[in-house]
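Everything quoted here is computed from the prediction, not taken from an experiment. Every chain is numbered from 1 and lettered A, B, ... according to where its sequence line falls, protein lines coming before strand lines.
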Protein chains: 2
Amino acid sequence: MPKSTNRTSGPNRTGITQVAAHAGVSPATVSNVLNRPELVAEATRTKVQEAISELDYVRNSFGSSLRSGRSTSVGLLVLDVTNPFFTEVARGIEEEAAESGLAVVLLNSAESPERQRRNLRLLAEQRVAGAVVMPVDNDLSDLLWLQRQGVHWVALDRGDVPEDVGSSVSVDNREGGLAAGQHLLALGHRRVTFLGGAFAIEQVRLRYEGLRAAFDEAGLDPDEHVELVSLSQLNAHQGERAVDQVLLDGAGRRTRAVFCANDQIALGFMKGLGKRGLRVPDDVSVVGYDDLSVADMVHPGLTTVAQPKYELGRAAMQLLSAQMDGSEQSYERRIFRPRLVMRDSTCALRD
Amino acid sequence: MPKSTNRTSGPNRTGITQVAAHAGVSPATVSNVLNRPELVAEATRTKVQEAISELDYVRNSFGSSLRSGRSTSVGLLVLDVTNPFFTEVARGIEEEAAESGLAVVLLNSAESPERQRRNLRLLAEQRVAGAVVMPVDNDLSDLLWLQRQGVHWVALDRGDVPEDVGSSVSVDNREGGLAAGQHLLALGHRRVTFLGGAFAIEQVRLRYEGLRAAFDEAGLDPDEHVELVSLSQLNAHQGERAVDQVLLDGAGRRTRAVFCANDQIALGFMKGLGKRGLRVPDDVSVVGYDDLSVADMVHPGLTTVAQPKYELGRAAMQLLSAQMDGSEQSYERRIFRPRLVMRDSTCALRD
DNA sequence: CCGAAATCTTGAAACGTCTCAAACCGTTAT
DNA sequence: ATAACGGTTTGAGACGTTTCAAGATTTCGG
């Protein structure tokens, strides 16, 4: 026995028809007032609008979308809702979407290909107008399927989507690594350890390559001056655990500069150093990656490579909108430049 | 001239009807296979299922929801997509929703009542089955409007929703403050500063009250032993700026213990101490609130009051489901208990 | 004051699915 | 042989909106 407040199930919930009756016009006119008010005479328009607010009418998007074929929501498929990097991106997307009156359907693939697949299917069922997705891997077949279903998409944080297949928005990870390397070189460091070599992740590999490139450009052989320490997972805990392994390089020399694959590792590493009584940056310089908001909350402030996260989200949504509006498909690959943010976790090498 | 890949606009996109034709049955049967397979004879069922996969059919949720009156998505209205507290909650909600095959529509009210209002309206238009909302203020009228529109909701992080009006899920902030206070008292501290008195925010006021209650219970007059420092905003920057103001209490004595309204303030405060060469916990003990993941990444590890964020999200979604399924409206108020996590930012008072 | 043009309104047909009562069919009980 | 029955299938509306051709009304030049 449903309570009377639940109007969903009521037999004649107020719809366009009720409004029309109340205003003494036809349903078509009400629809026009809602969608193309300029077609309706001033007098009728206000009459209808009054009826709308009197009856507290709310458009039913199901009927609307079904008939018009236009959806009013877009999907956002992230790898990990919890990751601060993504949330900042999400803010950009949400904001841009809100401006177009679009609702964002949030789905989490939790790094799992099956979940990604299931979620993309859900988006297809929901007939979203488009989707911003951070793919779990290089396999684009699911995305192509989505495309065949008539759903536009933009890949986020993956620079390797062929430009004739789809749009993508990303940040140049190699350049980020380069910037970090150059910074440390400028401070006089000649040996740097890269902490976080999980090269299954494209982004991380590129950061490492950028670091090496910096040494190359400076006329120093990377194989000799860049040490690599691998981590099973890219989190703070692993970063902390690695301290002893990192502190002496292959030749038994004391490590004075570390470039971490992300900020979380860097924080963990700094914590480990702190526990051992070592000081940052005096004993060891540390550079992170991402510029999470906490990078600026800790002491010492973490020098790190910032990604324009918010902009990334906005851009993705803009590309998506363009694709949704335009009758002509035109894909675009937008690559942002990272930016080194200097704080207090790095200093000139002196002994 | 739309490209042929866009099947949305095609005149006869594959629907239930095409599948039916292909399988040599009626549309009604296909619908049954999809929704009540047990009604359909084995042979027919497989025949239909083959047709479905051959044609790569995907259900159109607009048609489905329009006819059945059932929606397959729920709304999630947060105060700030960026806040790590909310993202953890979001994960709980997303996960619970995914298990029921529901999609989560994410909206951000960015602490603005107007945006909350606009977003609730959007949810009503989308005819979501229900919504989890973190209200921006005490004004429930928008939520009541939503209810009248037939959308169920659960309030999150607000314990003050009357139980005959709607369900709510929250954490007992007073108890959290109490726990923090008891912890500091047990360590021998007799004077504590509460940093972050923005009492417009209910949650913060309760934490402060809890702290005072701890002193009261210990037979110490709160007015005399608890100092209050107000902040214009509850972020790290304000926390750092407040250091000098906090360091000496009203009577010119050195402050030895600080309880911060949230972890971000605590981190900023610790940073400020670090810059002045003061050590945590030796010079000042610091307690935070929230147990953000970074609390365990910094050095020293931050002692803080943890909220069961993930559980909070799950519980909210469960209550919502119950409300959506049950024909009988029954509201519930679920209050979780916070938990003090002891790390290394607090220690016994010694001089 | 006429007719045509411009402006406004509307009837009726979709959109894709679900639902329900009715139809169908092969069995079994009478 | 007939009736009744359980198990399957289906025809024919809805659901609430948009759309578009066509109808109704007003405006305006001549």
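Side chain of Ala41(A), nearest nucleotide from dT9(C), dT19(C), dT17(C): dT9(C). In this structure, of dT9(C), dT17(D), dT9(D), it is dT17(D) that holds the atom nearest to the side chain of Ile16(A).
Residue contacts for Arg36(B): at a heavy-atom cut-off of 4.0 Å it reaches the sugar-phosphate backbone alone, with no base atom in range. As judged by a 4.0 angstrom heavy-atom cut-off over every strand, Val25(A) is placed among residues touching the sugar-phosphate backbone only. The residue Ala28(B) sits close to a base: some heavy atom pair falls under 4.0 Å. When heavy atoms are screened at a 4.0 angstrom cut-off, Asn35(A) is found touching the sugar-phosphate backbone but no base atom.
The backbone N or O of Arg59(B) sits less than 3.5 Å from a side-chain atom of Arg127(A), completing a donor-acceptor pair. For the pair Ser167(B) (side chain) and Leu319(B) (backbone), a donor-acceptor distance under 3.5 Å is absent.
Two end axes, each from the C1' atoms of five base pairs, can be drawn for the helix from dC1(C)-dG30(D) to dT30(C)-dA1(D); they diverge by 50°, to 10 degrees.
Checking the phosphate oxygens (OP1, OP2) of dT9(D), no side-chain nitrogen or oxygen of Thr29(B) falls inside 4.0 Å. For the pair Ser68(B) and dT19(C), the criterion of a side-chain N or O lying under 4.0 Å from OP1 or OP2 is not met.
Remark: of the listed residues Val19(B), Val48(B), Val25(B), Ile16(B), Val48(B) is the sole one forming a side chain to side chain contact (heavy atoms under 4.5 Å, CB included) with Val33(B).
When each of Arg70(A) and Gly24(B) is assigned the nucleotide of DNA chain D bearing its nearest heavy atom, the one mapping closer to the 5' terminus is Gly24(B).
Within a heavy-atom distance below 4.0 Å of DNA chain D, the residues of residues 58-67 of chain B found are Leu66(B), Arg67(B).
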